[in-house]
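The model shown is predicted, which means the values in this text are computed figures rather than measured ones.
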Amino acid sequence: MTTEGDNGNETEGEFKPTGTVAFVAAFVVVLMLMWFSIYIILLSRGATI
Amino acid sequence: MLTDTTTTPVYELTKSDKKFVGWHILFAVAALTVGALFGPLQALQAAGIDLYPKIDFLFIEINGVNSYYQGLTLHGVLNALIWTTFFITGFTTLVVIRGLKRGLAIPILNRIGFWMMVAGLVTAAIPLLGNKASVLYTFYPPMQADTLFYIGLVLVVVGSWIEGYGFYITLWRWRKDNPDTRTPFIVLAVVINMVMWQIATLGVAAEILGLILPWALGWVDGIDPQLSRTFFWFTGHPLVYFWLLPAYASWYAMLPKQAGGKLFSDTLARLAFWLFLLLSIPLGFHHQFVDPGVPAGWKFIHSLLTFGVGFPSLLTLFTVVASLEYAARKRGGKGLFGWIRALPWGDGSVTAQLLAGILFIFGGIGGVANASYNVNLVLHNTAWVPGHFHLTVASAVTLSFFGISYWMVPHITGKPLWKPKWAVASSWIYFSGMLIFSNAMHTVGLLGAPRRTPLGLAPYVPAEWNGHLFRVAVGGSIMWIGLMLFVTIVAVTAFQRKRLPEGEYIDVPVAESLDDPQQAPVWLDRWKPWLIATVVLIILAYGPQLIDQILGIELTSPGFTN
């Protein structure tokens, strides 16, 4: 069960990365907000055809 | 952890191997130190404070604006190309030996590769310092440098290839001896990076050997800048991954151990690295969105492929953060985000890498904007781009390499880290400077400030840029202080007389995994399908355009020199 040597932590099977899921979700939300803020700058400078 | 010592190392490198790794780090840090000198000079110049005339004794030739571009070229070449390549090949040497628990198969091969890189550095440095190669680190034709500059770059790249061959043969022999064992993830990761580098650098090899050198030597009168740029960016974007993947390898497979935890998923980690091999290369046109010679359809395809590489990036974010969360909760961390406080922030090596990761979150967000075919037009060729670039190579990579150095230099020298608390401080200082600098660069870029321009001399700078340019100067100067503190710490550590107590040893941190590597699917430990898929995807994404551009080649542009 290891990369090297032996492991044996009894809590490993119970570990649920809830904080990580929240962290990644927050990342995606911030990413979308920042992307759209630049998109609005693009639109504010006028569309080209 | 950094401060942990052991009396029974898992596998100890020979003195010769440690010395060899040490040579890499010596040249890397020397290049970083010289190149970084120009960082605050660029930043202060942007705010109208021109210190170049004060240091003209350092240059053989210096005059006015040329000094800005000479400084910018030295900064880019030494920090983005030399510091990284020397550090990465040294780090890879250590990881391969330690990960496989055996010496290099043909050590002389790696020695030849390394000293060829050194010869290349010296060869390129001559015209660089003489202001005969002030063409910036991208060396776009028709700007033309002295021939020695290009020859030097070729030697550095070929030297790194030869070191790569040494790693492949070592891994190949290990696999022959261990046919039923999964390759240790950390070795797989750094060797995938070397393979990706070797495929990617075929672009710049074709550019220099096929187009630039015949032109620089006067064998042909002109060059095709469009084809040159296409070849350059074949290499240029995966170059960023060449820098990043060793940092990722540390985040995945070393940082969890340093933080007191384990790698969350060995399988996910392997998958992410194979996907980086597959997707890092066929996306260079997203750097050429405003190049008139590349059809819009191909730019769009490369834009989509760039979003494809976002997938292994997100896998990396999830797996690394989950590994850290596991470690933090083992250390008593609580809450949805409160566990972050439980990480070992007092360890300089860990702190540097955590701060690198935090800065890279913003780098990743900016990268999505860069890759977008539409919004890229807002930021293309503006100060946003070097702002983003500093969040990748100068933050995620460089700050991670600080962290790695804080255990690696004690490991290879057998000497304790000098002033461990200063190591923590160096990273926080650098991080603070980068926050100020990169935020200002992104903001002033969105306002339209061009990149690669001595704005301190520009008559058109509007008042609304001034505050941001001042922050560029402040942030850049703070970063330099943090960097010099890092250089001082590793230099004193390496050259001090004090040694670790007899029998004590600082081991290479290699994390165990929560899942069993032996249970990873076989296809995640096989090279052939991934290499074939990588080549096929490159042919599909680049082939038609390369054929079109090569058939339509126009060697009409003369060289421009300063």
Quiz item: Side chains of B:E325 and A:T18: closer than 4.5 Å at any heavy-atom pair?
Solution: yes
Self-check item: B:L446 side chain near A:I38 side chain, heavy-atom distance below 4.5 Å
Solution: yes
Quiz prompt | More than 12 heavy atoms from other groups under 6.0 Å of CZ on B:F362 | solution = no
Quiz item: Yes or no on side chain to side chain contact (heavy atoms under 4.5 Å, CB included) for A:V24 and B:V321, after CA distance, side-chain angles and deciding distance?
Solution: CA-CA 9 Å; A:V24 173; B:V321 174; 5.7 Å; no
Self-check item: Contact summary for B:A369 and A:W35, nearest pair of heavy atoms
Solution: CA-CD1, 4.1 Å
Quiz item: What closest approach, in Å, do B:F337 and A:A22 show between heavy atoms, and which atom pair accounts for it?
Solution: CZ-CB, 3.7 Å
Quiz item: Is it the backbone or the side chain of B:L314 that comes under 4.5 Å from a heavy atom of chain A, or both, or neither?
Solution: side chain
Self-check item: Enclosure of A:F27 CZ (heavy-atom neighbours >12, cutoff 6.0 Å)
Solution: yes
Self-check item: Contacting region of B:R329 [heavy-atom separation from chain A under 4.5 Å]
Solution: side chain
Quiz item: For B:F300, does the CZ atom sit with more than 12 other heavy atoms under 6.0 Å from it, leaving out its own atoms?
Solution: no
Self-check item: Closest non-hydrogen atom pair, A:G19 against B:W339
Solution: CA-NE1, 3.7 Å
Self-check item: Positive for side chain to side chain contact (heavy atoms under 4.5 Å, CB included) with A:I41, one of B:V375, B:L447, B:V378, B:L379
Solution: B:V378
Practice problem: Examine whether an atom of B:F318 lies under 4.5 Å from a heavy atom of chain A, and if so say whether it belongs to the side chain, the backbone or both; otherwise answer neither. | Solution: both
Practice problem: Tell me, out of A:V28, A:V30, A:L31, A:T20, who's got the most heavy-atom pairs with chain B below 4.5 Å. | Solution: A:T20
Quiz item: Can you tell me how far CD1 of B:I361 sits from CZ of A:F23, rounded to the nearest 0.5 angstrom?
Solution: 3.5 Å
Exercise. Step through the shown structure and confirm whether more than 12 heavy atoms of other residues, nucleotides or ligands are within 6.0 Å of CZ on B:R341.
Key: no
Exercise. Can you label the angle between the B:Y326 ring and the A:F15 ring as parallel, tilted or perpendicular, going by 30° and 60°?
Key: perpendicular
